[in-house]
Amino acid sequence: ILALTLAGCAATAAHRLADNLSDAMLNQDDPDTVRAGAPAYLLLLDSLIADRPDDTRLLIAGARLYGAYASALVSDPIRARRLSVRSRDYARRALCVTEPAVCENEAAPFEQFASAVDGVDTSRIEPMYVLGISWAGWIRAHMEDWNAVAQLPRVDYLLQRVVDLQPDYDRGRAQLYLGVLRSQIPPALGGQPEAGRLHFERAIAFSNGRDLIVKVEFARYYARLMFDQLLHDRLLHEVLEAPAREPGLTLSNTIAKQQAEMLLSDDYF
């Protein structure tokens, strides 16, 4: 009994530490501080996961933080690719614990993979969502590899399943990712940018407009694809005028403001 009690206390302490690390990063308003300090956080998470390799909560924390660091704070594409691999690996391991059928069919024919994803219910949505966003980040870091790009339909299906189960999941972030995915190709070439626009608008609504990166990506992907300068500039000016501080979003919002300034100054139109 004592051994079980001590093991439970150790798990609780590890989870609390992982949560505190995540909160400290996501609520920081100085990206340079996070850029400099995050590697130590990530190494600490690696050590916690090495000690508890099947702990879904720790694996999800690791996947989220590695993914966020690689996509938003790393400019070296080689490093970004390496970090995205770690993010996706942790996310996949978490899903293998909770949804082995999806894990086993990840590379199976698409219909078989989709059937496994359809078996996931709301109670087990988080590992599926985290794999979706980590996988998307991995593909983004490997865009020169057509074998990686060919996996986008599977990511799309995972995230569509998330919004089918819970449309406002993660304050609309799943909607954001679908908006980006569906705003890549113009209508003349068979794309679905209007479906993408709907996802962006839902993401804004579900975060009550407080997740500023949504408007940046709405401008970057949809407005630029459709050559809608009025929408583009309105969205980016709204980002610049909004407060950055928001629990869980402060770092992202601060980066969104920096990116909004760059998009407005690059003479795209």
- Query: So Val117 and Gln160, side-chain contact (heavy atoms from CB on, under 4.5 Å) or not? Walk me through it.
  - Reply: CA-CA 10 Å; Val117 171; Gln160 183 61 54; over 6 Å; no
- Grab the two heavy atoms, one from Pro193 and one from Ser183, that are nearest each other, plus how far apart they are. O-OG, 4.1 Å
- Message: Holding to side chain to side chain donor-acceptor pair (under 3.5 Å), I want the full list of residues that pass it with Glu106, two or more places apart in sequence or in another chain.
- Response: Arg88, Arg92
- Message: Please determine whether residues Leu44 and Met25 belong to a single hydrophobic cluster, defined as Ile, Leu, Val, Met, Phe, Trp and Tyr linked transitively by side-chain heavy-atom distances below 4.5 Å.
- Response: yes
- Task: State whether a side-chain donor-acceptor pair under 3.5 Å links His142 with Arg81.
- Result: no
- Query: Going from CG on Leu59 to OG1 on Thr98, what distance comes out if it is rounded to the nearest 0.5 angstrom?
  - Reply: 10.0 Å
- Minimal heavy-atom distance between Asn27 and Gly248, with the atoms involved, is OD1-N, 2.6 Å
- Query: Is Ile125 close to Val120 at the side-chain level, that is, under 4.5 Å between some pair of heavy atoms?
  - Reply: no
- Output all residues satisfying ring-ring contact (aromatic ring centres under 6.0 Å, His included) with Tyr69, sequence neighbours left out; order by chain, then residue number. none
- Whether Asp29 side chain and Thr254 backbone form a donor-acceptor pair below 3.5 Å: no
- Item | Asn253 (side chain) donor-acceptor with Leu212 (main chain) under 3.5 angstrom | yes
- Message: Less than 4.0 angstrom from a charged side-chain N to a carboxylate O is my criterion; do Arg161 and Asp164 meet it?
- Response: no
- Message: Are Met226 and Val216 connected into the same hydrophobic cluster when the rule is that any two of I, L, V, M, F, W, Y join if their side-chain heavy atoms are below 4.5 Å apart?
- Response: yes
- If you measure from CG on Leu65 to CZ on Arg86, what distance do you get to the nearest 0.5 Å? 13.0 Å
- Message: Under the criterion side-chain contact (heavy atoms from CB on, under 4.5 Å), I'd like the reasoning laid out for Tyr157 against Arg154: C-alpha separation, chi angles, the key distance, then a yes or no.
- Response: CA-CA 5 Å; Tyr157 201 87; Arg154 294 175 189 255; 5.7 Å; no
- Message: Within the 4.5 Å heavy-atom criterion, are Glu104 and Gln112 side-chain neighbours or not?
- Response: no
- Item | Candidate pair Leu159 and Trp135, rule side-chain contact (heavy atoms from CB on, under 4.5 Å), full reasoning | CA-CA 11 Å; Leu159 294 171; Trp135 200 346; over 6 Å; no
- Give a yes or no on whether the backbone of Leu131 and the side-chain of Ser134 come within a donor-acceptor separation of less than 3.5 Å. no
- Kindly indicate whether the side chain of Met128, heavy atoms from C-beta on, has any atom under 4.5 Å from the side chain of Leu165. yes
- Message: Between Ile255 and Leu236, is there shared hydrophobic-cluster membership here, with clusters defined by ILVMFWY side-chain heavy atoms closer than 4.5 Å?
- Response: no
- Query: Among all residues two or more places apart in sequence or in another chain, which pass the salt bridge (Lys or Arg N to Asp or Glu O under 4.0 Å) test with Glu126?
  - Reply: Arg64
- Mind listing the closest non-hydrogen atom pair of Leu251 and Pro31 along with its distance? CD1-CA, 3.9 Å
- Do Ile60 and Tyr129 come close enough that some side-chain heavy atom pair is under 4.5 Å? no
- Message: Tell me whether Lys215 contacts the main-chain N or O of Gly209 through its side chain, where contact means a donor paired with an acceptor under 3.5 Å.
- Response: no
- Could you check if a side-chain atom of Val163 sits within less than 4.5 angstrom of a side-chain atom of Tyr169, using non-hydrogen atoms only? no
- Phe227: which other cluster members, linking ILVMFWY side chains closer than 4.5 Å, directly or transitively? Tyr268, Phe269
- Item | Atom pair CD (Glu217) and NE2 (His199), whose distance is rounded to the nearest 0.5 Å | 15.0 Å
- Message: Just to verify, what does Glu194 make a side chain to side chain donor-acceptor pair (under 3.5 Å) with, not counting sequence neighbours?
- Response: Tyr222
- Query: Under 4.5 Å between side-chain heavy atoms, hopping through other hydrophobics if needed: is there a path connecting Ile49 to Leu95?
  - Reply: no
- Message: If hydrophobic clusters are built by linking Ile, Leu, Val, Met, Phe, Trp and Tyr wherever their side-chain heavy atoms come under 4.5 Å apart, do Leu176 and Leu181 end up in the same one?
- Response: no
- Rounded to the nearest 0.5 angstrom, the CD1-OG distance for Ile139 and Ser84 is 10.0 Å
- Note on the structure: By salt bridge (Lys or Arg N to Asp or Glu O under 4.0 Å), Asp118 pairs with (sequence neighbours left out) none
- Task: Might you point out which heavy atoms bring Phe113 and Ala108 nearest each other, and give the distance in Å?
- Result: CB-O, 4.4 Å
- Give the minimum heavy-atom separation between Pro53 and Ala50, together with the two atoms involved. CD-O, 3.7 Å
- Main-chain N/O of Arg210 paired to Asn208 side chain as donor or acceptor, under 3.5 Å: no
- Calculate, to the nearest 0.5 Å, the distance between atoms CG and CG belonging to Leu235 and Leu231 respectively. 4.5 Å
- Is it true that Lys257 and Glu261 make a salt bridge, defined as a side-chain N closer than 4.0 Å to a carboxylate O? no
- ring-ring contact (aromatic ring centres under 6.0 Å, His included) against Tyr41, all qualifying residues, sequence neighbours excluded: none
- Message: According to side chain to side chain donor-acceptor pair (under 3.5 Å), who are the partners of Arg173, at least two apart in sequence or on a separate chain?
- Response: Asp211, Ser252
- Item | Arg202: side chain to side chain donor-acceptor pair (under 3.5 Å) partners, not counting sequence neighbours | none
- What pair of heavy atoms forms the shortest contact from Ala116 to Ala101, and how long is it? CB-O, 3.7 Å
- With distance as the sole test, does Asp156 use its side chain to make a donor-acceptor pair with the main-chain N or O of Leu152 at under 3.5 Å? no
- Give me the ring orientation class for Phe200 and Phe218: parallel if the planes are under 30° apart, tilted from 30 to 60°, perpendicular past 60°. parallel
- Message: Using the salt bridge (Lys or Arg N to Asp or Glu O under 4.0 Å) criterion, which residues pair with Arg140? Sequence neighbours excluded.
- Response: none
- Item | Test item: Val239 and Gln259 side chains (from C-beta on) under 4.5 Å apart, heavy atoms | no
- Item | Beyond-backbone contact of Val162 with Asp170, side-chain heavy atoms, under 4.5 angstrom | no
- Below 4.5 Å, heavy atoms only, C-beta onward: do Arg171 and Leu249 meet side chain to side chain? yes
- Note on the structure: Sorted by chain and residue number, the salt bridge (Lys or Arg N to Asp or Glu O under 4.0 Å) partners of Arg82 (sequence neighbours excluded) come out as none
- Cluster companions of Leu198 among Ile, Leu, Val, Met, Phe, Trp, Tyr (side-chain spacing under 4.5 Å): none
- Query: Quick one: does Gln184's side chain have a donor or acceptor within less than 3.5 Å of a partner on Val180's backbone?
  - Reply: yes
- Exceeds 12 heavy-atom contacts within 6.0 angstrom, atom CD1 of Ile78: no
- Query: Okay, side chain of Ser207, backbone of Ala203: is any donor-acceptor separation there less than 3.5 Å?
  - Reply: yes
- Rounded to the nearest 0.5 Å, what separation is found between the CG atom of Leu73 and the CG atom of Leu83? 10.5 Å
